[in-house]
Structures are given as structure tokens and as C-alpha cells.
There are 2 protein chains.
Amino acid sequence: MPKLASAEAPSPFRTRDERVRDREEKREAVLRAAVRMFNARGYHATSLDDVAASLGVSKPTIYHYLGNKEQVLVECVNRGLEMLRDAADATRAQPGKGLDRLRYFLLLYAQINMDDFGRCVIRTNEEVLSMDSATRFRARKREIDLFVRDLIGEGVADGSIAPVDVRFASFALAGALNWPARWHAPDGPMTPAQVADSLIAILIGGLAPRA
Amino acid sequence: MPKLASAEAPSPFRTRDERVRDREEKREAVLRAAVRMFNARGYHATSLDDVAASLGVSKPTIYHYLGNKEQVLVECVNRGLEMLRDAADATRAQPGKGLDRLRYFLLLYAQINMDDFGRCVIRTNEEVLSMDSATRFRARKREIDLFVRDLIGEGVADGSIAPVDVRFASFALAGALNWPARWHAPDGPMTPAQVADSLIAILIGGLAPRA
DNA sequence: TAATCAATATACCCGTGAGTATAGAAAATA
DNA sequence: TATTTTCTATACTCACGGGTATATTGATTA
């Protein structure tokens, strides 16, 4: 009889696992609240008091879940970088010619840049991080950049991409697809997917008319 | 005889005009020093004490020439915006088809974005400005954006540009050509003109191989 | 039941940095 | 020469915000 009660009504008594999950959830809530404010007002202009207030708690609560302000930012950035890494992995498993695979990745890349955590990756400049964090940050962004260059190189090799300068092509793509992190309104009429599609079409096709 | 001395040796006595020019020069020096530090470390992370120290003067000296910290930033941004407006004017006087005129402007645009003051326009986000300044800032950036859209529309109309979505094309171009403000090293091996050329070639030609 | 631990709050400390009050030197003007 | 103006420094005020010391409560474990 006591065993049966488990799935019925939500018991106010939490098991150890539930407590661990609660903790994770709260940590996550702090990060979500923080990243929104960082994106909206900038890191320096956002105080942890503000973040705490927006969650209806006090500052020490944040310190209970995260070490200090920089770590809050670092965790947010890491969430975004993780999404990018996943996108790269998904792309590696993708068939097709270089251009197709590149397009596949760019579509994900652009959309991530319109996500709260992805935006944060773009909007965070290394100067605000400690040297140590900045180094790691740079390294992980470089990983992504190199991945894009590989895809472009692959496309050039198999003829699906014009013989462009790989380095500059990756800069041009990154710039164009990072920019929405600054102008795209999450609650605007265009979905991230639509924005991504439109931008990528232009980048692939170019401005000059096709013969 | 006294008249003749004017152009000979630089007199330690300054005329009224010279004094006005001295003042301008100092003001300008403050802005140059400030914009460099803003670009390097970010606006919030730069104190006016630091700026003053880098010029070998004290903070009140800065306040003597400029009202307050925000005004320092606003003036820097205005310098950049002025360069952009000049570039637009020069382009208006330019002959040729839409694509040629667009290319002409983009070349200037991209280079300005690698200049100290131009960088500052890109790197300054409105959130750090007072509502009033932010509004003016947004308006002047919008001017530039509309100008680019006009050029693209012109090119589409005269057939020199493919029938792209004008709005997204301008976003894609802006993003790609703003990005160097964040990665281009002024003392690196590539000159701004070379960077601009390379990026623009890719944007106009697109990634897909030409038939 | 006692002792411990997790979670949260209140109230504080303290450094930084924007902005100012004041004074003094040098030059310009009367 | 006396007076005012320009330029600059020293030395301050004050608010903000990161971070912490400490107390409280409720649940967990011994």
C-alpha cells in the first residue's frame, strides 16, 4: 500500500533524486534569468541583485548556487557553446556535398545565435572575462570557426562551393549570421528559422545576378 | 618688422585662433584616447581616470573639455557616424549601376568599421546610452541602413543585382562587414582595404559556384 | 531527540569609479 | 597693475554593486 502512492499525488516529501533535480532546476532558473538580463542590458550593467530580484529571491541565494558573477556568465556562455558543439556533431553525421553540409550547419548556427544562450556567446566579449576564462572561451569559439573552414574547404574541394578564400568566407558567414544576435527580436514576426533561411540564401547565392 | 616674424619661429604667444585650435586639439586627443580604451576594454570597464592617466593628465581635465562620461562616448560615436555619412554622400555623387555604387559604398563602410571611431559605432550598444542619446543613435544608424537598402533596390531595379530580399540583403551585408570591428587587429598584416575587398568579393559572388 | 546540513534572508563591508568643490598658476584683458 | 578667464591638480563625496558574516528555519541523519 505505501508503495502504490508513489505516482499518485505529488508528495511534498522529496526523495534524494528529486532534491538533486530541484537544485538543478533552480540553478538553471538563475542562469536563464541572468542570461536574459545580460543580453538585454549587458553584463556590466546587470547586477546580481537585479537578477535575484527578478526571481523573487535575494543575492546570497545566487551565490549559493553559483560561485560568483563571472561564473554565472561563464555558465551561460558554456550553454551556448554546448549547443554549437552539438550542432557541429550533428553536421558531421550528415551526408551530402560540402555545400549541403555547410548549409545544414549554418542553419543551426544562425538559429542558435537567436537563442538566449547563443546570443550570449556572441555578445560576450572576452575583455570582460578573467584571462583564464577568456582563453578557454577563445579556444572553443576557434573550434567552431575551424569547423566551418573545414566545411568550406570540403565544398571547394568537391566543387560544390566556388574557389573562395576559406578564411574570409568563414568570417563573412560568421559576421552575417552573428548579427541577428543583436537585432533579432525574439517576439518579432519572423521566426529564427525564417531569418536563418533568408540570410543563408543570400550568402550562398551572392548579390550579383546569376548569368 | 614685427609683422614678418609671424611665420618664422613658432612664437610661444598664441593668438586667439591658435588658442581655439589648441583647445580643439586637446579635446580631440581626449576622444582618441578614450575611444581606443573603450574599444579595447569596453565602455563600462574603462574609467575616466584611466583615460586621463593615459594622457598624463587628471580626471577633472577631461571634465573641463567634455561634460561627462556618456558625452565622451557620444562624441566618439558621432565621429564614426559622421564618417559614415560622408561615405554615403560620396556614394551619392558616384556614377554607375546599382551594384557598382553599392560596392563603392561597402568598401568605405567596411574600412570605417576598422577605424577607431567606426569600431566604436559598432561596438557601442544602445543599452549603455541614455534613452535620449540612444534614440538619436538608432536614428542615425537607421539612416545608413536605409541608404544601403536604397542602393540594393536600385541594383535590383537596373538588373545589376539579383532579385534578393532587400531587407535581408542589407542585414547580411551589414553583419559581415561589421564583424571586422571585433576581430580585425589594426596592427595585423592585412590592411583594412584588403580585408574589405576580400569580404565584399565573397558577398557579391556568393558561395555557390557560378554556372 | 540531538546534531547536522541545505536553503534562504538580513545586514553588513569595501573597492571602484563618476562626478565635484576648491585652489592655484598662467595668460589675457581692462 | 588689477581683474578676470582658462586650464589643471588635489582631494573629496557618494552611490552602486560584488561579495560575505551570520542568523534562521526546516528537513535529514545519527
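A note on names: the letters A, B, ... follow the listed sequences, proteins ahead of strands, and every chain is numbered from 1.
- With sequence neighbours excluded, no residue satisfies salt bridge (charged side-chain N to carboxylate O under 4.0 Å, His left out) with B:Asp165.
- Sorted by first and then second residue, the ring-ring contact (aromatic ring centres under 6.0 Å, His included) pairs involving residues 39-95 of chain B (not counting sequence neighbours) are B:Phe38-B:Tyr43.
- By the side-chain hydrogen bond (donor to acceptor under 3.5 Å, both in side chains) test, A:Tyr109 pairs with A:Asn178, sequence neighbours left out.
- In this model, the phosphate group of C:dA6 is not approached by any side-chain N or O of A:Arg23 to a distance below 4.0 Å at OP1 or OP2.
- Partners of A:Ile112 by side chain to side chain contact (heavy atoms under 4.5 Å, CB included), not counting sequence neighbours, listed by chain and number: A:Met83, A:Leu84, A:Ala87.
- Listed by chain and number, the residues in a side-chain hydrogen bond (donor to acceptor under 3.5 Å, both in side chains) with B:Ser170 are B:Asp145 (sequence neighbours excluded).
- Here the closest non-hydrogen pair linking B:Val166 and B:Ile152 is O-CD1, 4.0 Å.
- Residues satisfying the salt bridge (charged side-chain N to carboxylate O under 4.0 Å, His left out) test with A:Glu70, not counting sequence neighbours, are none.
- For B:Glu75, the salt bridge (charged side-chain N to carboxylate O under 4.0 Å, His left out) partners are B:Arg27, B:Arg79, not counting sequence neighbours.
- Whole-Å rounding puts the B:Leu55 CG to D:dA9 P distance at 10 Å.
- Of the residues in residues 29-52 of chain A, none lies under 4.0 Å from DNA chain C by heavy-atom distance.
- Within residues 60-76 of chain A, the residues approached by DNA chain C to less than 4.0 Å at the level of any non-hydrogen atom are A:Pro60, A:Thr61, A:His64, A:Tyr65, in residue-number order.
- Terminal axes of the helix from C:dT1-D:dA30 to C:dA30-D:dT1 (five pairs each, C1' rotation axis) are separated by 10°, to the nearest 10°.
- Atom NZ in B:Lys59 sits about 17 Å away from atom P in D:dT8, given to the nearest Å.
- The stretch residues 167-189 of chain A participates, sequence neighbours left out, in no salt bridge (charged side-chain N to carboxylate O under 4.0 Å, His left out) pair at all.
- Residues in residues 109-122 of chain B take part in these salt bridge (charged side-chain N to carboxylate O under 4.0 Å, His left out) pairs, two or more places apart or across chains: B:Arg36-B:Asp116.
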